[in-house]
Amino acid sequence: MSELSMHSLHSTLRERIVEHVFVGEALRTLWRRGVTDVEVLRSEFDAHGYDLVMARGQIVRHIQFKTGVRQKPAPVSVGRALADKPSGCVIWISVSLGLDLGPFWWFGAVPGGPLPDLSSFASPKRIGRRETGERPLRVNHSKVPASKFRRVETISEVLELLFGDLPSGAPPAVLDEDTGTPE
């Protein structure tokens, strides 16, 4: 089986791996910057337009992930329910055949701001066909053109888009297990 066919045959597994790697890299990057007050919540299923919630202080981000092996997204189907969340966003992640992440593509607003308006975008067609061969519209989704996404090179830049300015400091000091003082 070729690497490319693995991506299509096991797309759900690939998406889960990418999500886990993203969360791990995001938390490690935040840790290295001295940020430890971030919450991560996973959605059990994608019925409300998002895959993951990340929160820091008053900023709560509902994130819809999209992935692909291309260097930039084609038009992206975005669940309209994401617009009902206080600070929804879409992160399209380019992945290599070996599942290395980046670049990233961003569709969202400033921290605390709503998802950009989706009402001017058409509904995409469903992937699957009915018995008649027809592909009905996904009326609860909008087809967002790739031109509406902003290219982002690093996970640090993605985190700044999610939460705003972050400290550039070192991680918290390692404490001596016996005394509780910094080593």
Side-chain angles (χ1 to χ4, degrees), residues 15-68 70-95 101-124 138-173:
E15 288 175 16
R16 292 294 157 253
I17 292 168
V18 169
E19 183 179 314
H20 283 280
V21 171
F22 177 87
V23 168
E25 288 295 319
L27 292 175
R28 179 169 63 177
T29 299
L30 290 166
W31 176 269
R32 290 176 175 170
R33 294 176 79 166
V35 177
T36 58
D37 61 341
V38 174
E39 296 177 70
V40 176
L41 308 164
R42 284 194 171 78
S43 176
E44 193 65 31
F45 57 94
D46 183 10
H48 301 286
Y50 65 92
D51 301 301
L52 186 78
V53 177
M54 291 183 79
R56 181 172 190 250
Q58 298 300 310
I59 305 299
V60 178
R61 288 292 201 170
H62 289 76
I63 304 167
Q64 182 181 32
F65 287 111
K66 298 290 186 174
T67 62
R70 297 179 304 279
Q71 282 298 301
K72 63 181 183 176
V76 176
S77 177
V78 176
R80 290 190 178 129
L82 187 61
D84 295 334
K85 303 303 175 195
S87 197
C89 61
V90 180
I91 301 172
W92 192 93
I93 304 171
S94 177
V95 296
L101 308 188
F104 305 88
W105 295 83
W106 170 265
F107 180 72
V110 298
L115 185 71
D117 184 29
L118 298 173
S119 64
S120 65
F121 304 123
S123 293
R138 296 182 76 187
V139 294
N140 294 325
H141 285 74
S142 293
K143 190 174 183 178
V144 178
S147 63
K148 299 296 182 183
F149 283 76
R150 172 181 162 190
R151 184 182 171 118
V152 181
E153 296 299 325
T154 67
I155 195 94
S156 287
E157 292 173 88
V158 172
L159 292 168
E160 298 267 344
L161 289 168
L162 286 169
F163 300 117
D165 291 334
L166 296 168
S168 58

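For the numbers below, each heavy atom of this structure counts, side chains included, while hydrogens, waters and symmetry mates do not.
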Item to complete: Determine the minimum heavy-atom distance between Ala81 and Gly49, stating which atoms define it.
Response: CB-N, 4.3 Å

Worksheet item: How far apart are the closest heavy atoms of Ser77 and Pro124, and which atoms are they?
Response: OG-CG, 3.5 Å

Worksheet entry | Partner residues of Thr29 under the side-chain hydrogen bond (donor to acceptor under 3.5 Å, both in side chains) criterion, sequence neighbours left out | none

Worksheet item: For Asp37, which residues count as a side-chain contact (heavy atoms from CB on, under 4.5 Å) partner, sequence neighbours excluded?
Response: Val35, Arg56

Item to complete: With sequence neighbours excluded, tell me which residues meet side-chain hydrogen bond (donor to acceptor under 3.5 Å, both in side chains) with Gln71.
Response: none

Practice prompt. Please collect all salt bridge (Lys or Arg N to Asp or Glu O under 4.0 Å) contacts where either partner lies in residues 140-154, sequence neighbours excluded, each pair once.
Written response: Arg151-Glu153

Practice prompt. State, with a plain yes or no, whether a side-chain heavy atom of Ile63 is found less than 4.5 Å away from one of Cys89.
Written response: yes

Discussion item. If you compare all heavy atoms of Val139 against all heavy atoms of Ser123, which two are closest, and at what distance to 0.1 Å?
Written reply: CA-OG, 3.8 Å

Worksheet entry | Closest non-hydrogen atom pair between Gly164 and Pro111, with its separation | N-CG, 3.3 Å

Worksheet item: Is there side-chain contact between Val144 and Val90, with heavy atoms separated by less than 4.5 Å?
Response: no

Discussion item. Test of understanding: with side-chain contact (heavy atoms from CB on, under 4.5 Å), list the residues that count as partners of Glu25, not counting sequence neighbours.
Written reply: Val21, Arg28, Ile155

Worksheet item: Are the side chains of Phe121 and Val78 in touch, meaning some heavy atoms are under 4.5 Å apart?
Response: no

Fill in: side-chain hydrogen bond (donor to acceptor under 3.5 Å, both in side chains) contacts touching residues 108-118 (sequence neighbours left out)
Asp117-Ser119

Practice prompt. State which residues pass side-chain contact (heavy atoms from CB on, under 4.5 Å) with Val60; sequence neighbours excluded, sorted by chain then number.
Written response: Val53, Ala55, His62

Worksheet entry | All pairs passing salt bridge (Lys or Arg N to Asp or Glu O under 4.0 Å) where residues 74-91 contributes a residue, at least two apart | none

Item to complete: Quick one: do Arg42 and Val23 satisfy side-chain contact (heavy atoms from CB on, under 4.5 Å)? Show the steps, please.
Response: CA-CA 10 Å; Arg42 284 194 171 78; Val23 168; 3.9 Å; yes

Discussion item. Going by salt bridge (Lys or Arg N to Asp or Glu O under 4.0 Å), name the residues that satisfy it together with Glu160, two or more places apart in sequence or in a different chain.
Written reply: Arg33

Practice prompt. Measure the shortest side-chain to side-chain distance between Leu115 and Phe107 over non-hydrogen atoms and say whether it is less than 4.5 angstrom.
Written response: yes

Practice prompt. Could you list the residues that satisfy side-chain hydrogen bond (donor to acceptor under 3.5 Å, both in side chains) with Arg70, not counting sequence neighbours?
Written response: none

Worksheet item: Going from CZ on Phe149 to CH2 on Trp92, what distance comes out if it is rounded to the nearest 0.5 angstrom?
Response: 9.5 Å

Worksheet item: Among all residues two or more places apart in sequence or in another chain, which pass the side-chain hydrogen bond (donor to acceptor under 3.5 Å, both in side chains) test with Thr67?
Response: Arg14

Worksheet entry | Test log, rule side-chain contact (heavy atoms from CB on, under 4.5 Å), inputs Leu162 and Trp106 | CA-CA 10 Å; Leu162 286 169; Trp106 170 265; 3.8 Å; yes

Item to complete: Could you tell me whether the side chain of Trp105 reaches within less than 4.5 Å of the side chain of Lys72, counting heavy atoms only?
Response: yes

Worksheet item: Tell me, do Phe104 and Ile93 make a side-chain contact under 4.5 Å, heavy atoms counted?
Response: yes

Worksheet entry | Non-neighbouring partners of Ser87 that pass side-chain contact (heavy atoms from CB on, under 4.5 Å), sequence neighbours left out | Arg61

